[in-house]
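Below is one structure; the comments refer to it alone.
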There are 2 protein chains.
Amino acid sequence: MNQEHEQLRKDVTARLVRNGITPTRQRVEIGMRLFDCDKHITADQLLERVNRGNGEVSKATVYNTLGLFAAKGLLREVVVDPGKQIFDTNVSPHHHLYNVDTGELRDIESRDLVVSGLPALETGIEITGVDIVVRVRNAG
Amino acid sequence: MNQEHEQLRKDVTARLVRNGITPTRQRVEIGMRLFDCDKHITADQLLERVNRGNGEVSKATVYNTLGLFAAKGLLREVVVDPGKQIFDTNVSPHHHLYNVDTGELRDIESRDLVVSGLPALETGIEITGVDIVVRVRNAG
DNA sequence: GTCAGTGCAAACCCTTTGCAGAAAG
DNA sequence: CTTTCTGCAAAGGGTTTGCACTGAC
């Protein structure tokens, strides 16, 4: 299992390098906890995971690292709640189902959801993404 | 024009009462500035508008009032940016086009945008809304 | 006089920034 | 040695909360 651990470390390191990210101790630590977890995670949750292990990493570094990973395409930010950054390790095109009562966030496969009728854009403007959030609540 | 002003005050007061909101001085003041402005506005922008006039209202009250108005259906919250609550005075079904470079936010008529393939929901869960955000940026 | 409802100062929490220090050239 | 990059303490800014106060009955 220490072997598995070392293997994971190597995998993460390689992945960072492949994406042009210097694999520092903190980043590898964060990456190991990140890619081995739920698909949706906040900086706080990740910080807790990292420091529950052996890693000693500050909150600011977790934020900065998540931002860096997102900029490099290893992560995607999901905007469903103001005042809360949620990151998604699933970077393929897909949408989200968000339960406002429980905070539960689930993926909806992109191919299941079809959007038509996008407006024409003026020149000089390009689409970076179409995000669909289906908001649900517990009936009552 | 003082007459118009008084007419607006009456209209806003009536509207609040109709929606089950006690029309206090602060709320009417806020409402007058709110329904007579751009469709998309943040608490900060609204506070500035209110206090540029005669109104003396604290920031906290603006936040609380916006939250109350939204809960009562006079407003709708638009989630396009984490760390920033934007309110929309247009409460009819529609979607948004968001320019991440300029912060510009525009409406897309709901009838122009068709979504199909929503997943079946388990019982006890109901949809409160389907929000589509088309993110764009200035090309280059 | 009592009680529900309101407004705001202060507290809170998430995020960003500025800088000391490390690593690379 | 100089330059670039990294990590984090402290600062920042948007939002919420707890309580004094007001108005209604």
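Keep in mind that this is a model prediction, so the values were computed, not measured. Naming: A, B, ... by sequence-line order, numbering from 1 per chain. Computation of the quantities below employed the complete heavy-atom set of this structure, encompassing side-chain atoms and omitting hydrogens, waters and symmetry-equivalent molecules.
Salt bridge annotation for E122(A)-R106(B): present, with a cationic side-chain nitrogen under 4.0 angstrom from a carboxylate oxygen.
A search for side chain to side chain contact (heavy atoms under 4.5 Å, CB included) contacts involving N64(A) returns nothing, not counting sequence neighbours. Among residues two or more places apart in sequence or in another chain, the side chain to side chain contact (heavy atoms under 4.5 Å, CB included) test is passed with Q45(B) by I41(B), T42(B). D81(A) is linked by a side chain to side chain contact (heavy atoms under 4.5 Å, CB included) to K84(A), Y98(A), counting only residues two or more places apart in sequence or in another chain. Under the rule for a side chain to side chain donor-acceptor pair (under 3.5 Å), R49(A) has no partner lying at least two apart in sequence or in another chain. Listed by chain and number, the residues in a side chain to side chain donor-acceptor pair (under 3.5 Å) with S58(A) are T61(A) (sequence neighbours excluded).
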Show which side-chain atoms of residues 15-26 of chain A pair as donor or acceptor with protein atoms under 3.5 Å away, not counting sequence neighbours.
from: N19(A); atom 1: ND2; to: R15(A); atom 2: O; distance (Å): 2.8
from: T24(A); atom 1: OG1; to: R27(A); atom 2: N; distance (Å): 3.3
from: R25(A); atom 1: NH2; to: E56(A); atom 2: O; distance (Å): 2.8

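Evaluation of the ring-ring contact (aromatic ring centres under 6.0 Å, His included) test over residues 72-95 of chain A, restricted to residues two or more places apart or in two chains, returns H94(A)-H96(A).
For the segment residues 19-30 of chain A, the set of residues with a heavy atom within less than 4.0 Å of an atom of DNA chain D comprises T22(A), T24(A), Q26(A), R27(A), in numerical order.
What separates CD of E56(B) from P of dA9(C) is a distance of 10 Å, to the nearest Å. The interatomic distance linking L47(B) (CG) with dG13(D) (P) rounds to 15 Å, in whole Å.
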Short heteroatom pairs, N/O only, protein and nucleotides 11-17 of chain C, under 3.5 Å:
from: dT15(C); atom 1: OP1; to: Q85(A); atom 2: N; distance (Å): 2.8
from: dT15(C); atom 1: OP2; to: Y63(A); atom 2: OH; distance (Å): 2.0
from: dT15(C); atom 1: O5'; to: Y63(A); atom 2: OH; distance (Å): 3.4

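For dC8(C), the OP1/OP2 oxygens have a side-chain nitrogen or oxygen of S58(B) closer than 4.0 Å.
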